Undergrad: 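Encoded as structure tokens, here's the structure I'll be asking about.
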Protein chains: 2
Amino acid sequence: MALGTDYSGQDCSLARALELVGERWTPLILRDAFVGVRRYRDFLAHLDIPRAVLAARLQALVDAGVMTKVRYQDAPPRDEYVLTAKGRELWPALHLLSQWGERHLSELGPRRVYTHLPCGSRLEAGRCPSCGTVRPEDVEVRLGPGAVTSRTDAVSVALREPRRLLEPLRTS
Amino acid sequence: MALGTDYSGQDCSLARALELVGERWTPLILRDAFVGVRRYRDFLAHLDIPRAVLAARLQALVDAGVMTKVRYQDAPPRDEYVLTAKGRELWPALHLLSQWGERHLSELGPRRVYTHLPCGSRLEAGRCPSCGTVRPEDVEVRLGPGAVTSRTDAVSVALREPRRLLEPLRTS
DNA sequence: CTCCTGAGTTCGTTGACTGAACCTTTGGGC
DNA sequence: GCCCAAAGGTTCAGTCAACGAACTCAGGAG
């Protein structure tokens, strides 16, 4: 269970991208960010990730300009981690990889169903078959027939309700 | 520099997909497979990857049905690793991540330019803006202005020529 | 003052990646 | 037959990242 990332010597934008978002846990942190998770506590509860690794990954994402820390309360001071525009552009890539997994690794049917709300189409290949490219804000996620609802942490429970991408999750 | 992969407990097709293709080196092995690399020796030369890791990754990809071993010569017996249909379906996801890297991490302009040969359009978002979804076989890759040609191994040199995706690379 | 929560940091242990050396099969040159 | 080289691995000791439990720290609440 170790995944370092450093592909120096590869003159390749894929390698550069993987050094940022290819590390262990990072794609799942981003997935959670897209479905609305913003707080350290919620990432921790939903991912079962070591605290030190989570702190390091969030810091790396902030340093890379993929997320920003936003203060949402002053007493006591609390920050949320929110995707930047650069980070939000990762959604098609993450979604396509996820769809590949749905097709080939999900025997009971899709675990999540993505709908483009303005037109009602199901998303394919990270975009709407009728409208072209799609903004994550316009996408609705809900559980599909292949979903397994075994987790009982507050974040997993809250995420069972249909919701829009990027809509902040509230668990408290 | 360690990236293990096992996201048990995550009911998520992205996590399942990452367990297969998210391990360290695996995305770059797949990238090489898409540009025509097929032999152990060529992967080794082009990636600077430890032999044991390369052998383990190729075996895992074969076990998962993403690649197959194909005998191309009997005396002495030699096999090539070739993408299956399941593996070829990973192209849009890999391409999108690569394009994100081109946009955000490649200061000198794109390192690689992808063209849909039947219509001549440059690919965007893993598909052709005019034709819709694209088969990798119909895509041409050539170096762009951001490319750095510092590697001197035979595979890197051969890959400097424009070529179609999936067209077998010959270096000997 | 004491307890509690959120958000980390510290640290010993485990396990994956690294790189060099070694092994096996086969063919070619002599 | 004998020796060497190449392809495709396997083995192994050392290193470094991930793991997980414990600890720290700041700021309320009572």
Side-chain angles (χ1 to χ4, degrees), chain A residues 1-10 15 18-19 22-29 37-63 67 69-82 153-155 169-172, chain B residues 1-10 15 18-19 22-29 37-63 67 69-82 153-155 169-172:
Chain A
M1 295 203 197
L3 220 185
T5 307
D6 164 76
Y7 298 114
S8 51
Q10 294 293 318
L18 288 169
E19 289 178 352
E23 284 189 302
R24 180 156 165 77
W25 293 113
T26 302
L28 295 187
I29 291 172
V37 177
R38 294 180 161 208
R39 301 187 186 176
Y40 182 91
R41 165 189 65 164
D42 290 340
F43 285 111
L44 205 58
H46 192 227
L47 291 172
D48 295 329
I49 181 178
R51 307 173 76 91
V53 175
L54 177 58
R57 293 294 184 273
L58 289 172
Q59 188 56 55
L61 289 170
V62 169
D63 292 346
M67 302 186 96
K69 244 176 145 163
V70 177
R71 172 114 344 156
Y72 67 92
Q73 129 182 341
D74 281 313
R78 290 286 181 263
D79 299 305
E80 294 182 316
Y81 293 89
V82 182
D153 60 281
V155 179
L169 181 76
R170 292 289 165 253
T171 53
S172 55
Chain B
M1 293 204 200
L3 222 183
T5 308
D6 164 77
Y7 298 113
S8 51
Q10 293 294 317
L18 289 169
E19 290 179 350
E23 286 189 300
R24 179 154 165 79
W25 293 112
T26 302
L28 295 188
I29 291 172
V37 177
R38 296 180 160 208
R39 302 188 185 175
Y40 183 91
R41 166 189 64 163
D42 290 340
F43 285 111
L44 205 59
H46 192 227
L47 292 172
D48 294 329
I49 181 179
R51 307 175 72 92
V53 175
L54 177 59
R57 294 294 185 274
L58 289 172
Q59 187 58 54
L61 289 170
V62 169
D63 292 347
M67 302 185 97
K69 245 175 144 162
V70 177
R71 171 117 340 159
Y72 67 91
Q73 130 182 341
D74 281 310
R78 289 288 180 262
D79 299 305
E80 293 183 317
Y81 293 89
V82 182
D153 60 280
V155 179
L169 181 75
R170 293 288 164 251
T171 53
S172 54

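Only heavy atoms go into these numbers, but all of them, side chains included; no hydrogens, no water, no symmetry mates. Please read these numbers as outputs of a predicted model, since none were measured by experiment. A, B, ... follow the sequence lines: proteins, then strands. Residue 1 opens every chain.
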Undergrad: Taking only residues two or more places apart in sequence or in another chain, which ones pass side chain to side chain donor-acceptor pair (under 3.5 Å) with A/Arg51?
TA: none
Undergrad: Rounded to the nearest Å, what distance is computed from the CD1 atom of residue B/Ile49 to the P atom of nucleotide C/dT18?
TA: 7 Å
Undergrad: To the nearest Å, how far apart are A/Leu18 CG and C/dC17 C1'?
TA: 17 Å
Undergrad: Whole Å only: how far is the CZ atom of A/Arg71 from the C1' atom of D/dA26?
TA: 12 Å
Undergrad: Compare every heavy atom of A/Lys69 with every heavy atom of A/Asp79, then report the nearest pair and how far apart it is.
TA: OD2-CE, 3.7 Å
Undergrad: Could you state the atom-to-atom distance from CD of B/Glu23 to C1' of D/dA17 in whole Å?
TA: 15 Å
Undergrad: What's the CD-C1' distance between B/Gln73 and C/dT26, to the nearest Å?
TA: 10 Å
Undergrad: For B/Leu28 and C/dC17, what is the distance between atoms CG and P respectively, to the nearest whole Å?
TA: 14 Å
Undergrad: Are any protein N/O atoms closer than 3.5 Å to N/O atoms in nucleotides 3-10 of chain C? If there are, list each pair with its distance.
TA:
| residue | atom | partner | partner atom | Å |
| --- | --- | --- | --- | --- |
| C/dG6 | OP1 | A/Arg41 | NH1 | 2.9 |
| C/dG6 | O4' | A/Arg78 | NH2 | 3.0 |
| C/dG6 | O3' | A/Arg78 | NE | 3.2 |
| C/dA7 | OP2 | A/Arg41 | N | 3.1 |
| C/dA7 | N7 | A/Arg51 | NH2 | 3.0 |
| C/dG8 | OP2 | A/Tyr81 | OH | 2.9 |
| C/dG8 | N7 | A/Arg51 | NE | 2.9 |
| C/dG8 | N7 | A/Arg51 | NH2 | 2.9 |
| C/dG8 | O6 | A/Arg51 | NE | 3.1 |

Undergrad: Could you work out how much the helix from C/dC1-D/dG30 to C/dC30-D/dG1 bends, comparing the axis of its first five pairs with that of its last five, to 10°?
TA: 0°
Undergrad: About how many Å separate CG of A/Leu54 and OH of A/Tyr40, when rounded to the nearest 0.5 Å?
TA: 5.5 Å
Undergrad: So which atom in A/Ile49 and which in A/Phe43 form the shortest heavy-atom distance, rounded to 0.1 Å?
TA: CG2-O, 4.3 Å
Undergrad: Quick one: B/Asp48 CG to C/dA20 P, roughly how many Å, whole number?
TA: 11 Å
Undergrad: Let me know which of B/Val53, B/Val37, B/Leu61 forms a side-chain contact (heavy atoms from CB on, under 4.5 Å) with B/Ile29.
TA: B/Leu61
Undergrad: For B/Arg41, give me all partners under side-chain contact (heavy atoms from CB on, under 4.5 Å), at least two apart in sequence or on another chain.
TA: B/Arg39, B/Thr171, B/Ser172
Undergrad: Quickly work out the B/Asp6 CG to C/dC17 P distance and round it to whole Å.
TA: 12 Å
Undergrad: Would you check if the side chain of A/Arg24 reaches a backbone N or O of B/Arg24 as a donor-acceptor pair within less than 3.5 Å?
TA: no
Undergrad: With B/Asp63, which residues qualify under side chain to side chain donor-acceptor pair (under 3.5 Å), at least two apart?
TA: B/Gln59
Undergrad: B/Arg170: what forms a salt bridge (Lys or Arg N to Asp or Glu O under 4.0 Å) with it, not counting sequence neighbours?
TA: B/Glu80
